[in-house]
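First up is the structure itself, then whatever we jot down about it.
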Amino acid sequence: MSAQPQNYEVKAGLQDLESFDVVGVSIKTSNETASEDINALWERFFKESVGQMVENRADDIIYAVYSDYEGDHTKPYRFTIGYKIDGEPNLDGSLTHVNVKAAPYAMMSAAGEQPKALIETWTAIWQSDLDRRFETDFEVYGQRFFEDGVHEVLVAIGVNLEEE
């Protein structure tokens with residue numbers, strides 16, 4: 001496996017990230033229906049064993065990517081659950097490809113009881129004064145998510161940095 005897994009020692013702060021590709025299942029949603037839509041997509045992701053369908057998988061880390069924003073967080077967007085891939089995406093009819101843009105990302109940890117910790121983190125993001133890019137944002141579900149008592153999701157928000 002040539003791709004490096006996301007660094008889980010990052011807790012908070014800014015990190016410049018290279019672009020990468022994720023293949024998985026996706027839906028178009030908005031925050032008005034996101035709770036039901038996203039829960040249904042997670043159920044589909046596990047029921048259909050999406051991980052077995054993704055070719056060129058870089059590792060076993062699950063990514064949830066927010067993309068194709070039609071405006072800010074109050075407007076519709078695409079939500080994709082899948083895996084980072086090495087090489088070109090090979091899609092069958094049910095899979096979607098999304099490119100996570102190279103950019104500075106504000107990295108936050110949502111650890112503890114899930115989905116409560118994740119919802120609290122997103123609420124804080126929506127209420128913050130972060131200068132968001134609204135291109136791609138993502139969540140990382142790696143080893144620390146599956147550890148008893150930790151349940152950490154790494155949340156990465158694309159941001160604009162002021163030129164000095």
Side-chain angles (χ1 to χ4, degrees), residues 1-11 13-31 33-34 36-73 75-110 114-115 118 121-122 125 130-147 152-161:
M1 291 186 214
S2 61
Q4 293 298 310
Q6 193 64 46
N7 180 355
Y8 259 83
E9 297 311 307
V10 173
K11 294 288 187 209
L14 287 173
Q15 195 171 24
D16 281 319
L17 298 179
E18 300 288 323
S19 71
F20 61 93
D21 295 302
V22 171
V23 170
V25 290
S26 76
I27 52 165
K28 194 78 168 177
T29 189
S30 69
N31 284 353
T33 59
E36 293 119 23
D37 293 345
I38 289 173
N39 285 340
L41 191 64
W42 277 109
E43 287 177 24
R44 178 179 163 206
F45 176 82
F46 289 112
K47 182 180 175 195
E48 294 179 9
S49 301
V50 169
Q52 304 302 314
M53 298 187 301
V54 176
E55 294 183 25
N56 304 325
R57 225 166 81 183
D59 51 41
D60 290 331
I61 296 173
I62 299 169
Y63 290 82
V65 182
Y66 301 79
S67 65
D68 302 326
Y69 286 98
E70 293 181 15
D72 65 12
H73 68 277
K75 304 291 186 218
Y77 55 88
R78 177 164 299 287
F79 181 75
T80 304
I81 305 169
Y83 294 91
K84 184 189 292 189
I85 61 164
D86 288 328
E88 292 297 313
N90 188 0
L91 306 177
D92 71 15
S94 65
L95 296 180
T96 304
H97 163 251
V98 63
N99 176 262
V100 176
K101 308 294 184 209
Y105 284 85
M107 309 297 282
M108 291 159 239
S109 168
Q114 296 295 354
L118 188 60
T121 299
W122 275 107
I125 291 165
L130 280 175
D131 185 7
R132 296 182 57 194
R133 298 174 70 89
F134 292 104
E135 287 183 339
T136 51
D137 303 307
F138 62 94
E139 300 162 356
V140 181
Y141 296 81
Q143 181 180 353
R144 291 172 64 96
F145 177 75
F146 298 100
E147 288 178 15
E152 181 181 58
V153 178
L154 190 61
V155 180
I157 305 299
V159 294
N160 295 307
L161 297 180

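Residue Ile157 holds its CD1 atom at 12.5 Å from CZ of Arg133, rounded to the nearest 0.5 Å. Between the CD atom of Glu139 and the OG1 atom of Thr121 there is a distance of 9.0 Å, given to the nearest 0.5 Å. Atom CG of residue Asn99 and atom OG of residue Ser67 lie 9.5 Å apart, to the nearest 0.5 angstrom. With values rounded to the nearest 0.5 angstrom, Glu152 atom CD is found 3.5 Å from Ser109 atom OG. Atom CD1 in Ile27 sits 10.5 Å away from atom CD in Glu36 (nearest 0.5 Å). The distance from the CG atom of Leu41 to the OG1 atom of Thr80 is 8.0 Å, given to the nearest 0.5 Å.
Of all the heavy atoms in Val25 and Ser94, the pair that sits closest is CG1-O, 3.9 Å. Heavy-atom minimum distance, Ala110 versus Val155: CB-CG2, 4.4 Å. The shortest non-hydrogen separation linking Arg132 to Asn160 is O-ND2, 3.5 Å. Taking both residues in full, the closest heavy atoms of Glu88 and Asn56 are given as O-ND2, 3.1 Å, listed atom of the first, atom of the second, then distance. The heavy-atom pair separating Tyr83 from Gly51 by the smallest distance is CE1-CA, 3.3 Å. Taking each heavy atom of Asp137 and Gly158 in turn, the nearest pair found is OD1-N, 2.8 Å.
Ionic pairing of Glu70 and Lys75 is not present here: no N-O contact between side-chain nitrogen and carboxylate oxygen is shorter than 4.0 angstrom.
A search for salt bridge (charged side-chain N to carboxylate O under 4.0 Å, His left out) contacts involving Glu48 returns Arg44, not counting sequence neighbours. Ser49 pairs by the side-chain contact (heavy atoms from CB on, under 4.5 Å) definition with Gln52, not counting sequence neighbours. Applying the side-chain contact (heavy atoms from CB on, under 4.5 Å) criterion to Asp68, with sequence neighbours excluded, gives Lys28, Arg78.
Val153 places a side-chain heavy atom less than 4.5 Å from the side chain of Gln114. Contact annotation: the side chain of Val100 approaches that of Val65 to within less than 4.5 Å [non-hydrogen atoms, C-beta and beyond]. Proximity of Ile85 to Asn90: side-chain heavy atoms (C-beta onward) are nowhere separated by under 4.5 Å. Thr96 has its side chain out of reach of Val23: every pair of non-hydrogen atoms, C-beta onward, lies at least 4.5 Å apart. Inter-residue side-chain proximity for Leu95 and Met53 is flagged as met; some heavy-atom pair is nearer than 4.5 Å.
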**Request:** For the pair Leu154 and Met107, evaluate side chain to side chain contact (heavy atoms under 4.5 Å, CB included) and give the outcome as yes or no after the intermediate values.
**Result:** CA-CA 7 Å; Leu154 190 61; Met107 309 297 282; 3.8 Å; yes

**Tyr141 and Phe146: CA distance, side-chain angles, deciding distance, ring-ring contact (aromatic ring centres under 6.0 Å, His included) verdict** = CA-CA 8 Å; Tyr141 296 81; Phe146 298 100; 7.8 Å; no

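Judged purely by distance below 3.5 Å, without hydrogens or angles, the side chains of Asn31 and Tyr77 pair a donor atom with an acceptor atom. His97 and Asp21 share a side-chain donor-acceptor pair at under 3.5 Å. At a cut-off of 3.5 Å, with distance as the only test, no side-chain donor of Asp16 or Tyr105 sits close to an acceptor on the other residue.
Panel note: side chain Glu43, backbone Lys47; no donor-acceptor pair is recorded below 3.5 Å.
For an aromatic pair to be called close, the ring centres must be under 6.0 Å apart, and Phe79 with Phe138 fails this. Taking the six-membered ring for Trp and the full ring otherwise, the centers of Phe20 and Tyr63 sit less than 6.0 Å from each other.
In this pair, Tyr66 and Trp122 present their aromatic rings tilted. The plane angle is within the 30 to 60° band.
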